[in-house]
Amino acid sequence: MPDFVADGSMIATTRQKPVFRFAPSPNGRLHLGHALSALLNADMAEKLDGRLLLRMEDIDLTRCTPEFEQSIYADLAWLSLSWEKPVRRQSEHFDDYRAALDRLIARDLVYPAFLTRGEVKARVAASEAHGRPWPRDPDGAPLYPPDERTLSDAERRRRIDSGTRYALRLDMGRAIAECGQGQDLSWVETGDGARGTIPADPAAWGDVVLWRSDAPSSYHLSVTVDDAAQGVTHVVRGLDLFHATSVHRLLQTLLGLAPPVYHHHRLLLGPDGRKLSKSEGDSGLSELREKGLTSADIRRLVGL
Ligand code: GLU
């Protein structure tokens, strides 16, 4: 039996104090969409008498900076939010992600992938030029070609020794087979899109990257390991990550980690209908703070 009780649109765990987390990447300044996410986490944690954690998702050591991290603290404090300390920084936990990866490698579920983004793009273009559509993931990116799954160990060694850069990818077919029948690959969803028990479809993502060629770990691996390591019971984040949950559920199952409840909230769109983005400086919280807006103004602006 699941360990949950429903309360309106929220679900409380029955045995432990609920644990929520806001997990921004300090690779840019926060915008109104982040404010919605952070405030929702705080409101839901308060309503369920839970804890609120803050996690810096800073595995990309080239794009994440201490300045962006400091601006996140300042913006959240301005929103009158408080969180438990110390803040977990992913860059301080690469050993944890490596240990989880090694468990998957030991089960032969991971392989080195040598194709560059350009090479994949060229393959997709060649296939589509012949009228053969290339399968794409839920974000619209082409799936990684599967042929390197079966390279011989000798050929892998030869390429690695020659200095070719590589990522480590999950062999999705094997991973799903390993989970086997009887494993409940679904999640409990209480958010603004589909609700209820959602069947996970990790195959839609193909052979996801677990360890990037240009940075240690990957989003999927570190988020899965951290949510479990921090005892997170409720993941509240944007609907843009709804489908990624399929991969997280698969990794949780492979690694024997307890699944949280998920609440994927509506996204805020810019005037042109696009999702707000850090890189394009949309509705930056620091700018709004400098203009003299208050936390109550921001709540109104994000519809809370
Ligand atoms: N770090 C991700 C972001 O800033 C959020 C990850 C998550 O909430 O699972 O978009």
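This is a predicted model, so every value here is computed, not measured. In each ligand, atom 1 is the first atom listed, and ligand 1 is the first ligand listed.
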Participant: Could you list which atoms of ligand 1 come closer than 4.0 Å to a heavy atom of R237?
Facilitator: 7 (C), 8 (O), 9 (O)
Participant: With a 4.0 Å cut-off on N to O distance, would you call E119 and R165 a salt bridge?
Facilitator: no
Participant: F22: heavy atom below 4.0 Å from ligand 1, yes or no?
Facilitator: no
Participant: Any chance you could lay out the side chain to side chain contact (heavy atoms under 4.5 Å, CB included) test for L76 and F22, step after step, and finish with the verdict?
Facilitator: CA-CA 10 Å; L76 295 180; F22 176 57; 4.0 Å; yes
Participant: Check each heavy atom of L241 against ligand 1 and say whether those closer than 4.0 Å belong to the side chain, the backbone, both or neither.
Facilitator: side chain
Participant: Can you name the closest pair of heavy atoms from W78 and R289 and give their distance?
Facilitator: CG-CD, 3.2 Å
Participant: Show which atoms of ligand 1 fall inside a sub-4.0 Å distance from at least one heavy-atom site of S25.
Facilitator: 1 (N), 4 (O)
Participant: If you look at every heavy atom in L36 and V302, which pair is closest and at what distance?
Facilitator: CD1-O, 3.9 Å
Participant: Check this for me - ligand 1, A23, N or O atoms closer than 3.5 angstrom, yes or no?
Facilitator: yes
Participant: Where do S37 and G238 come nearest, in terms of heavy atoms and distance?
Facilitator: OG-N, 4.4 Å
Participant: With atom 8 (O) of ligand 1 as the reference point, say which of H34, R21, E57 has the nearest heavy atom.
Facilitator: R21
Participant: Would you mind running through ligand 1 and noting each atom that sits below 4.0 Å from a heavy atom of V223?
Facilitator: 9 (O)
Participant: Using 4.0 Å as the upper bound for N to carboxylate O, is an ion pair formed by D227 and R55?
Facilitator: yes
